[in-house]
Participant: 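Below is a structure I'd like to ask you about.
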Amino acid sequence: MAARKHTTVTQDVDAVLGPAPASYAQPEVVVLRFRRHGRRLVLPVIALVALAGAAGFWVGSFNDPWIDLTAAAVAAALGLLLGIMPVLTWLAGTTTVSTRRVIVRRGLFVRSRTELALTRVREVRTRRSPAQRLFGAGDVLLLHGAETLRLEDVPAVTRIADAMQDLMVRNYAQAERAAFGQGFTGGPGLGGAGFPPGSGSAFPSAGVAAGPAGPADQTRVQGFMDL
């Protein structure tokens with residue numbers, strides 16, 4: 001009986017979809033990974049300190065041991081609800097920005113994951129309230145089509161928004177080089193694959209050097225799965 005031939009995930013994908021485009025020759029790289037601004041932890045920490053002080057003062061001061069147990073149980077439940085859970089929720093929520101996409105993970109018990117390819121992003125906006133400006137934070141709005149992906153309370157919002165804008169431009173330029181390299185010019189008003197309508201030749205002066213053409217790196221699919 002002939003031995004079964006082992007194939008990688010990349011080889012299986014190439015067998016179904018064909019060779020990967022030249023833009024996938026380089027592996028995906030994580031550029032940013034961040035959580036919401038740390039000021040969200042101020043109130044939970046204050047609640048924990050206040051509950052610990054109140055529990056230390058009241059628990060054990062009653063004559064009835066059942067009342068002491070009840071007070072200790074109530075203090076522990078409030079500490080878990082008002083202090084521990086918000087901290088764990090903050091730790092569980094992460095945003096990862098790679099050279100190709102944005103990945104948002106939220107939720108503690110019920111986990112959710114949202115992905116957005118940078119080639120779909122048409123505009124990067126920021127919105128900052130007076131309180132957010134005091135801490136250098138803000139919301140980042142990623143407009144893609146008629147929808148918007150909102151990243152709430154992003155730390156160092158100006159620097160992160162600028163980095164996303166730069167990655168968006170680079171992805172457009174790379175997609176245009178790949179499209180024109182294959183002899184595709186797009187339909188009327190398209191200006192190439194993945195570009196805003198009426199943009200024509202997108203970002204001709206972006207100054208991003210094209211990567212060397214060659215076989216697709218076999219880590220690209222695995223990199224997508226590991227992020």
Side-chain angles (χ1 to χ4, degrees), residues 28-98 100-118 120-121 124-164 167 222-227:
E28 185 177 23
V29 177
V30 174
V31 179
L32 298 169
R33 183 179 285 117
F34 56 89
R35 294 181 174 89
R36 295 178 180 179
H37 197 277
R39 67 188 178 89
R40 289 177 173 264
L41 301 179
V42 173
L43 291 180
V45 171
I46 292 176
L48 280 176
V49 173
L51 286 170
F57 179 80
W58 289 106
V59 175
S61 63
F62 299 100
N63 295 327
D64 192 340
W66 287 105
I67 298 180
D68 287 336
L69 290 176
T70 302
V74 170
L78 290 176
L80 179 64
L81 181 64
L82 301 178
I84 303 299
M85 292 296 294
V87 172
L88 294 179
T89 302
W90 179 81
L91 291 173
T94 60
T95 301
T96 303
V97 181
S98 74
R100 297 175 187 166
R101 56 186 174 153
V102 179
I103 306 171
V104 181
R105 296 181 177 91
R106 293 288 183 265
L108 183 58
F109 298 109
V110 179
R111 299 285 289 168
S112 65
R113 172 179 169 134
T114 304
E115 294 189 17
L116 176 62
L118 289 171
R120 294 183 57 198
V121 178
V124 179
R125 296 180 181 177
T126 59
R127 180 178 298 168
R128 308 174 70 183
S129 67
Q132 287 176 325
R133 287 198 295 269
L134 291 176
F135 295 94
D139 299 341
V140 176
L141 308 177
L142 303 178
L143 279 64
H144 54 103
E147 300 180 357
T148 301
L149 177 62
R150 181 177 180 180
L151 308 179
E152 297 181 354
D153 220 9
V154 176
V157 62
T158 302
R159 295 176 59 186
I160 290 179
D162 290 344
M164 289 185 178
L167 288 170
Q222 189 62 40
F224 269 60
M225 297 172 64
D226 291 341
L227 288 178

Participant: Measuring from Thr126:OG1 to Leu141:CG, what's the distance to the nearest 0.5 Å?
Facilitator: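 Spacing of OG1 (Thr126) from CG (Leu141) equals 7.5 Å.
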Participant: How far apart are the closest heavy atoms of Ser98 and Glu28, and which atoms are they?
Facilitator: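 Of all heavy-atom pairs spanning Ser98 and Glu28, the closest is OG-OE2, 2.5 Å.
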Participant: Once side-chain hydrogen bond (donor to acceptor under 3.5 Å, both in side chains) is applied, what residue pairs with a partner in residues 39-53 remain, sequence neighbours excluded?
Facilitator: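 Listed by first then second residue: Arg39-Asp153, Arg40-Asp153.
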Participant: Which residues pass the salt bridge (Lys or Arg N to Asp or Glu O under 4.0 Å) test with Arg159, not counting sequence neighbours?
Facilitator: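 With neighbours one apart ignored, the set is empty.
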Participant: Could you name each residue pair satisfying ring-ring contact (aromatic ring centres under 6.0 Å, His included) that touches residues 125-144, not counting sequence neighbours?
Facilitator: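 Listed once each, the pairs are His37-Phe135.
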Participant: Report the residue from Val121, Thr148, Leu149 that forms a side chain to side chain contact (heavy atoms under 4.5 Å, CB included) with Leu143.
Facilitator: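 With Leu143 as partner, side chain to side chain contact (heavy atoms under 4.5 Å, CB included) holds for just one option, Thr148.
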Participant: Got a sec, which pairs hit salt bridge (charged side-chain N to carboxylate O under 4.0 Å, His left out) with one end in residues 134-146, sequence neighbours left out?
Facilitator: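 For residues 134-146, and leaving out neighbouring residues, the salt bridge (charged side-chain N to carboxylate O under 4.0 Å, His left out) pairs sorted by first residue read Asp139-Arg150.
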Participant: Is the CH2 atom of Trp90 crowded by more than 12 outside heavy atoms at less than 6.0 Å?
Facilitator: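 Correct, the count exceeds 12.
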Participant: Starting at CD of Gln132, measure out to CD of Glu152 and round the result to the nearest 0.5 Å.
Facilitator: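 The CD atom of Glu152 is 9.0 Å from CD of Gln132, to the nearest 0.5 Å.
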Participant: Supply the atom-to-atom distance Met164 CE to Leu151 CG, rounded to the nearest 0.5 angstrom.
Facilitator: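 Going from the CE atom of Met164 to the CG atom of Leu151 covers 5.0 Å.
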Participant: State the CZ-CZ distance between Arg36 and Arg106, to the nearest 0.5 angstrom.
Facilitator: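 Here the rounded value is 4.5 Å.
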Participant: At what distance, to the nearest 0.5 angstrom, does OG1 of Thr96 lie from CZ of Phe34?
Facilitator: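 Reported value, rounded in 0.5 Å steps: 8.5 Å.
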Participant: For a side-chain contact (heavy atoms from CB on, under 4.5 Å) check, start with the C-alpha distance between Val124 and Leu142, then their side-chain angles and the critical distance, and finish with the verdict.
Facilitator: CA-CA 5 Å; Val124 179; Leu142 303 178; 3.9 Å; yes
Participant: Listing request: all salt bridge (charged side-chain N to carboxylate O under 4.0 Å, His left out) pairs with a residue in residues 126-135, at least two apart in sequence or in separate chains.
Facilitator: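 Sorted result for residues 126-135: empty, none.
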Participant: Could you state the interatomic distance from CG (Leu43) to CG (Leu48), rounded to the nearest 0.5 Å?
Facilitator: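 Reported value, rounded in 0.5 Å steps: 11.5 Å.
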Participant: Counting N and O atoms only, with roles assigned by atom type, does the side chain of Arg105 sit under 3.5 Å from a partner on the main chain of Thr94, one being a donor and the other an acceptor?
Facilitator: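 Judged by distance alone, no pair lies under 3.5 Å.
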Participant: Just list the side-chain donor-acceptor pairs under 3.5 Å for residues 79-89, sequence neighbours left out, or say none.
Facilitator:
unit_1, atom_1, unit_2, atom_2, d
Thr89, OG1, Met85, O, 2.9

Participant: Do you know the tightest heavy-atom contact between Ala163 and Leu32?
Facilitator: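 Nearest pair, atom of Ala163 first, then Leu32: CB-CD1, 4.2 Å.
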